[in-house]
Amino acid sequence: MTTHPHKDYAGAKLGMWLFLFTELLLFGGMFLLYSVYFKRYPQEFAAGGRQLDWIMGTVNTVILLTSSLCAAMAVTAVQRDELRRAVALIGGTILCAAGFMVIKYVEWSAKIGHGIYPGSEHLKSGPPGESVFFSLYFITTGIHGLHVLIGGALLAWIALKIKGGEVNAGNDILLENGALYWHLVDLIWIFIFPLYYLIL
Amino acid sequence: MNEHHHIISYKKLTAIWLALLALTALTVAITRVELGGYKVLGALVIACAKAGLVIAVFMHMKYEGRLLRWLLFLALLTLAIFIGLTFFDVLYR
Amino acid sequence: MNQLPFISTTAAVDPVFMFLFGACLVLLLGITVTMVIFVLRYHRSRAPHPTSQAEGNLWLEIVWIVLPTLLVLGMFWYGWKEYLVLRTVPTGALPVTATARMWSWEFRYANGKSSPKLYVPVGKPVRVELISTDVIHGFFLPAFRVKRDVVPGMSNYAWFVATKPGSYDLFCSQYCGTQHSAMVTTVEALPEAQFAAWLNEDKRGTAAARPDGRKLATEKGCLGCHSLDGSPGVGPTFKGLFAGQVTVVKGGKTVTLTADEAFLTESIRQPAATIVEGFPPIMPGNPDMPDEQVTALIEFIKSVK
Amino acid sequence: MDSNVQKVTAQPSCFWNDTGKSGLTSWIFSTDHKRIGLLYFYATFGFFLTGVLLGLLLRVELMAPGRTIVGPQTYNALFTVHGVVMIFLFIIPGIPGAFGNMVMPIQVGARDVSFPRLNLLSWWLYITGAIIILTSLFSGGGAPDTGWTFYVPFSSRTGTNVSLAVFGVFIVGFSSILTGVNFVTTIHRLRAEGMTWGRLPLFTWSLYATAWVQILATPILAITLVLIMTERLLGAGLFDPARGGDPIMYQHLFWIYSHPAVYIMILPAMGIVSDIIPVFSRKPIFGYKMIAFSSIAIAAAGSLVWGHHMFTSGMSDTAVMVFSFLTFVVAIPSAIKVFNWVSTLYRGSISLEAPMLFALSFILLFSIGGLSGLILGSAATDVHVHDTHFVVGHFHYVMFGGTGFAIFAAMHYWLPKFYGRRYAEKPAVVAWALMFTGFNVLYFTMQVLGMKGMPRRYYDYLPEFATLNLVATVGSWILAAGLVIMLVNLFRGLWWGAPFEGNPWGGATLEWSIPTPPPTENFVEEPTVTHGPYDFTGIGR
Ligand code: HEA
Ligand code: HEA
Ligand code: CUA
Ligand SMILES: [Cu+2]
């Protein structure tokens, strides 16, 4: 591999942000579809939203916000060279991620148990807007869930690097970027939550 | 190399987190009462406020240079334009 | 030629073409000629050294920003104005419904008559309602400069007027699968009286005359997908179909059935209910086809052995 | 390929004989931008030849009405694969991936791009995606037959292997995004001392604008492709009218990416031309600032015009007005560029070598293509020519006549720099003349056909179109002959031709200030830039 005389800290951060923009636009496509179909089927969307469990949604929001807090604190911890605490905080983030996924799993299986999933007979026979709402819901939260998994794995890998001493107060860009990615996942959820669970 | 950093205190992060929780509670609250179309608007405004807090503090945007801020603005503007122009079709069809 | 109280679509669009082509030609010639002159005049054999090191000229730049802007705005405005003509149907237009399916057209008139060709009276505007039963097609009349996509679930329309009697091409312009290029028919513009006579001659489907199965199979586009000689097509061949065994997927389960009349009827009306194994579920349904037509089609399928 | 160039590349630090490692692995796992650039070059060019062969077959089939060599289903698969290969595997990654990688870091005075390993990953993603696309041709229900636009509902119903092909394109899209991220970061962060924004070569400027389009538009393609897959695999019904979906929304999403994508194709090509013309006129580019600015303007305005592909779709008339208007706005920065290029020639000292011939013909062919784009952009006229061979003619003029010819120019201009050997001039000029002629016979005829009403994606056509189709097919053969001569001459030259050393073209951008072929580390010591990219004073020739 090519060796670099010096690490370009700001460059790495810029690169990460650019990548986050692409993620933003990826979800942006789903939000575009949401806004168009919401305009077309306000009633059906409200009805669909009422079928989602807003309590679970709220709990998940709290969990994700907390995970984000842990991630942000982990960055502070590393910068203050409190490496043990940083690892513990990342552990907290990953724990939250796991909790989030469990709740998501419960929600999804409840819906699927009721015959509500993309392409299901139930949705085919229901009003058109309902099928659109739930397809959007499953695809958006599905892709979001995938990002949670990727983000969790990324942070776990970084925690190992902190333990190994490769990431520390002098060289923490990896963690900063990992945390940025995690906050993005949170950011997307901040919009998914009211749009799907609350607007009814 | 550390001079790049502005280290954000745990206290400040916790305060932001509390604010985010409060805003979450607020969204839930306003969408429970009957406000008609306003509740959509209200929920979105609050979501934007929350996003703003996360970006500014958790993501350290407040302490970054002007370049990154402009670029973020550019990305958001692009998304807004994509959605906005599509509505020239959707609204007038 | 144009004594009509409205402008024909061709007469609206053609001047825009003239204007745009003219402007483009002038620009293109201007650029080409200038370039060629410069290349010849300042070729290294004649001009061994550059005689200018100019890095720009503000005034020139302003001129060639402002002039094209004006030109281009003119082009936009003209194109948009005449586009509105294409979208504004004159009052009193004759309504016709065009149904597009893979891969045939059917035109239905107010009195219930239907036809695989689009018959229109000369001099009278026609409004065509565009309906698709499966994928997106395109309704394209080059002679009238008219085109509109035929989108399932959407009510699109187009209008035109034939100013002279004759036969004009009608294409499917939006790609729609294997036989896209065969989805071609014609507009038959008849003098008004002749058209009225055609319209009121015995209406197929309602009159007593029994429909001809083979003709129907051609007109409805069945033969675009189903061969009569056993060769594979988009759908299963009709040859030896009747009374044979077919393996179908029904409600997620694979079952083997005998191709009796009930099965054929269902296959024609609601093809999605049973999908023959190994074929894609793309056959358009015919839920509203009159019973005697279905019967005629089945009789025809029976006859293909 | 190492051994052949050994003789010329005697200096030990030349990037061809990188430290120790040898053989294929020293290439496909190299993080050196020059090697990755060449990898991209050969990969994209390989796909270009594949696509060209398919295009040739399309023309043979269309030579006469009725069945000529293949049946309708095969024909539909042919143009689909031709389009997908040309767009996603050749023209979009072509210039940024190949010449951008090879040249841009040197032009800004950097050792490499910002993220060399990410760069290698981009290439691997590209190859993986390409292999998946090619696999889709021979597996499942057979080669996809939807056209490169994958319009629903057809694409969600057809039995052919659309899902896999779409997945391949999805992967290739990721590669494009990563290239964009890499380039923006590189241009922001790694410019050498003295390399101000006002001294960036215009090729680099154009890559900068392109990279932004890649970053902001490609994700929309990614999500659109995911949605096609969910339509097919899960039956999500988001675009299925029977279930409340709207097929037009698919078209919006697709073109939100795919129109800006055409500027991913053309902007770097314009950059190449902006770099070549001043060198062969020995005169600073006319209106440097305006050209740099217009690249950004095209990227920005070009992101707002996607609806012009949908004028007849049933979109609202208001939207037709808005998108038609915005389409015309894009023509203005394009016009600025053309006028500035032509003015650069004025009172220069023009040498008509192969790169310059290709660059000048770029201007003409792009102008024809672009002006025919105006006819498409105007609502009333587009209704007539939409989905006809006029559109096919339009986009071949801009893509092949524009980007393609710019790539040929770049091949003659920069490849000798990286090989240290050059092609022979005479055959290059003959090849150019044949290609230029054949090109116009082929595609101008197509535009006439379109005006007469021949729809595109037609396997068979009415007899009234027969003569012109035959003419077009003959044109494709002339073009083919030229292409073969060009390739033979070029590659023979690169391996066995006359040595190419120092700065024979007399370029003033940084890549011409370093040894030929470039050393692995590009610059022995970090350069300090003291003059503009087109300041030819003191550069001998
Ligand atoms: C490299 C790719 C490329 C480029 C650069 C362009 C450039 C342009 N394109 Fe093209 N286009 C395609 C690739 C490209 N296009 C493809 C692939 C399709 C078909 C997709 C499909 O359906 O499969 C398509 C289709 C397409 C359509 C849809 C047609 C239809 O399906 O009905 C339209 C409509 O507006 C259009 C317009 C334009 C315009 C206005 C420009 C402008 O950017 C052109 C600007 C250039 C000039 C104007 C010429 C140069 C300037 C001068 C000579 C100076 C003088 C000029 C003035 C004063 C105005 N294009
Ligand atoms: C960069 C893009 C690009 C390029 C370069 C080309 C190049 C060519 N294309 Fe392309 N074409 C597209 C992009 C491109 N095309 C796209 C996007 C579509 C739309 C697809 C769709 O509708 O979905 C399309 C559609 C399309 C059609 C319309 C199909 C239809 O609508 O029915 C046709 C028809 O003639 C055609 C023909 C050609 C020809 C003859 C060439 C010529 O360039 C080919 C010239 C041939 C040669 C120059 C051959 C020389 C080479 C050899 C003989 C090989 C030698 C071999 C070795 C040395 C190994 N193309
Ligand atoms: Cu129907 Cu093409
Ligand atoms: Cu376009």
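All figures in this text were calculated on a predicted structure; none of them were measured in a lab. In what follows, every chain begins at residue 1, and chains take the letters A, B, ... in the order their sequences are listed.
Heavy atoms of D:Val338 lying under 4.5 Å from chain C belong exclusively to its side chain. Looking at D:Lys289, there are no atoms closer than 4.5 Å to chain C (heavy atoms on both sides), in backbone or side chain. Using a 4.5 Å cut-off between heavy atoms, D:Ile285 touches chain C through its backbone atoms (N, CA, C, O) alone. At a 4.5 Å heavy-atom cutoff, the contact between D:Leu360 and chain C is made by backbone and side-chain atoms alike. When heavy atoms are compared at a cutoff of 4.5 Å, D:Ser156 does not approach chain C at all. C:Met75 touches chain D through backbone and side chain together, each having a heavy atom under 4.5 Å away. The contact between D:Phe286 and chain C is made by backbone and side chain atoms together, counting heavy-atom distances below 4.5 Å. Looking at D:Phe79, only its side chain comes within 4.5 Å of chain C, counting heavy atoms on both sides. For D:Met454, no part lies under 4.5 angstrom from a heavy atom of chain C. Contact annotation for C:Pro152: both backbone and side-chain heavy atoms come within less than 4.5 Å of a heavy atom of chain D. Only the backbone of D:Phe311 comes within less than 4.5 Å of a heavy atom in chain C; its side chain stays farther off. Both the backbone and the side chain of D:Asn340 come within contact range of chain C, with heavy atoms under 4.5 Å apart.
Ring geometry for C:Phe76 against D:Phe325 counts as perpendicular: the plane angle is over 60°, on a 0 to 90° scale with 30° as the lower cut.
Among C:Ala47, C:Pro48, C:Ser181, C:Gly79, the residue with the largest count of heavy-atom pairs under 4.5 Å with chain D is C:Ser181. Put simply, of D:Gly377, D:Gly348, D:Pro72, D:Ser378, the one with the most heavy-atom pairs under 4.5 Å next to chain C is D:Gly348. With respect to chain C, the highest number of heavy-atom pairs below 4.5 Å among D:Val342, D:Asp317, D:Ile332 belongs to D:Asp317. Interface remark: of the candidates D:Asp246, D:Thr149, D:Asp535, D:Leu352, D:Leu352 forms the most heavy-atom pairs closer than 4.5 Å to chain C. Counting heavy-atom pairs closer than 4.5 Å to chain D, the top residue among C:Thr9, C:Ile136, C:Leu130 is C:Ile136. Considering only heavy-atom pairs separated by less than 4.5 Å from chain D, the leading option among C:Ser155, C:Ser173, C:Ala12, C:Gly153 is C:Ser173. For chain D, the option among C:Glu82, C:His43, C:Met102 with the highest count of heavy-atom pairs below 4.5 Å is C:His43. Counting heavy-atom pairs closer than 4.5 Å to chain C, the top residue among D:Pro241, D:Gly71, D:Ser343 is D:Pro241. Of all the listed residues (C:Asp14, C:Leu27, C:Val39), the one sharing the greatest number of non-hydrogen pairs under 4.5 Å with chain D is C:Val39. When each of C:Asp134, C:Thr32, C:Leu86, C:Val184 is scored by its heavy-atom pairs under 4.5 Å with chain D, the top score falls to C:Asp134.
Around atom CZ of C:Phe279, more than 12 heavy atoms belonging to other residues, nucleotides or ligands sit under 6.0 Å away. Taking a 6.0 Å sphere around CD of C:Glu55, one finds it holds 12 or fewer heavy atoms contributed by other residues, nucleotides or ligands. Annotation: C:Tyr168, atom OH; neighbour count of heavy atoms from other residues, nucleotides and ligands within 6.0 Å is above 12. In the displayed structure, C:Phe21 atom CZ is contacted under 6.0 Å by more than 12 heavy atoms of other residues, nucleotides or ligands.
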Exercise. Stepwise, does the side chain to side chain contact (heavy atoms under 4.5 Å, CB included) test hold for D:Ser351 with C:Arg44?
Worked result: CA-CA 5 Å; D:Ser351 133; C:Arg44 196 155 293 169; 3.4 Å; yes
For this session: Please assess C:Leu73 against D:Phe328 for the test side chain to side chain contact (heavy atoms under 4.5 Å, CB included), listing each intermediate value before the final yes or no.
Result: CA-CA 7 Å; C:Leu73 287 180; D:Phe328 279 103; over 6 Å; no
For this session: Evaluate the side chain to side chain contact (heavy atoms under 4.5 Å, CB included) criterion for residues C:Val151 and D:Gln251: first the C-alpha distance (whole Å), next the side-chain angles of each, then the deciding distance (0.1 Å), finally the verdict.
Result: CA-CA 12 Å; C:Val151 184; D:Gln251 298 179 17; 5.8 Å; no
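Atoms CG and NE2, on D:Asp460 and C:His180 in that order, are 11.5 Å from each other to the nearest 0.5 Å. Between atom CG of residue C:Asp169 and atom OH of residue D:Tyr461 there is a gap of 14.5 Å, rounded to the nearest 0.5 Å. A distance of 6.0 Å separates OG of D:Ser313 from CE of C:Met154, quoted to the nearest 0.5 Å. Remark: D:Arg157 CZ to C:Cys176 SG distance equals 11.5 Å, nearest 0.5 Å. Expressed to the nearest 0.5 Å, how far OH of D:Tyr75 lies from OG1 of C:Thr178 amounts to 14.0 Å. Separating the CZ atom in C:Phe144 from the NE2 atom in D:His384 is a distance of 12.0 Å, to the nearest 0.5 Å.
Here the side chains of D:Asp382 and C:Tyr83 are not in contact, with every heavy-atom distance at 4.5 Å or above. The shortest side-chain heavy-atom distance between D:Ser281 and C:Phe38 does not fall under the 4.5 Å cut-off. The shortest side-chain heavy-atom distance between C:Phe171 and D:Thr388 does not fall under the 4.5 Å cut-off. Contact check for D:Val383 versus C:Arg145: no side-chain heavy atoms found under the 4.5 Å cut-off. By the 4.5 Å heavy-atom criterion applied to side chains, D:Ser324 and C:Trp80 are not counted as neighbours. Two residues are said to be in side-chain contact when any heavy atoms from C-beta on lie closer than 4.5 Å; C:Arg87 and D:Val320 fail this criterion. By the 4.5 Å heavy-atom criterion applied to side chains, C:Ser52 and D:Lys283 are counted as neighbours. Counting heavy atoms from C-beta on, the side chains of C:Tyr42 and D:Leu345 never come closer than 4.5 Å.
Between C:Asp149 and D:Thr312, the side chains place a donor N or O and an acceptor N or O closer than 3.5 Å (distance only, hydrogens not considered).
Identified by a heavy-atom distance below 4.5 Å to chain D, the contributing residues of residues 57-66 of chain C are C:Asn57, C:Leu60, C:Glu61, C:Trp64, C:Ile65, in residue-number order.
In plain terms, the two heavy atoms of C:Pro142 and D:Gly453 that are nearest each other are CB-CA, 3.9 Å. Between C:Val13 and D:Ala380, the shortest heavy-atom distance links the atoms CG1-O, 3.8 Å.
Side chain of C:Lys147 to main chain of D:His386: a donor-acceptor pair is present (N/O by atom type, distance under 3.5 Å, no hydrogens or angles).
Aromatic rings from C:Tyr175 and D:Phe154 are positioned such that their centres are separated by under 6.0 Å.
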Would you list the atom pairs, donor with acceptor, under 3.5 Å between side chains in residues 362-374 of chain D and any protein atom, with sequence neighbours excluded?
residue: D:Ser367; atom: OG; partner: D:Ile363; partner atom: O; Å: 2.8
residue: D:Ser372; atom: OG; partner: D:Ile368; partner atom: O; Å: 3.4
residue: D:Ser372; atom: OG; partner: D:Gly369; partner atom: O; Å: 2.7
residue: D:Ser372; atom: OG; partner: D:His394; partner atom: ND1; Å: 3.3
residue: D:Ser372; atom: OG; partner: D:Gln447; partner atom: NE2; Å: 3.3

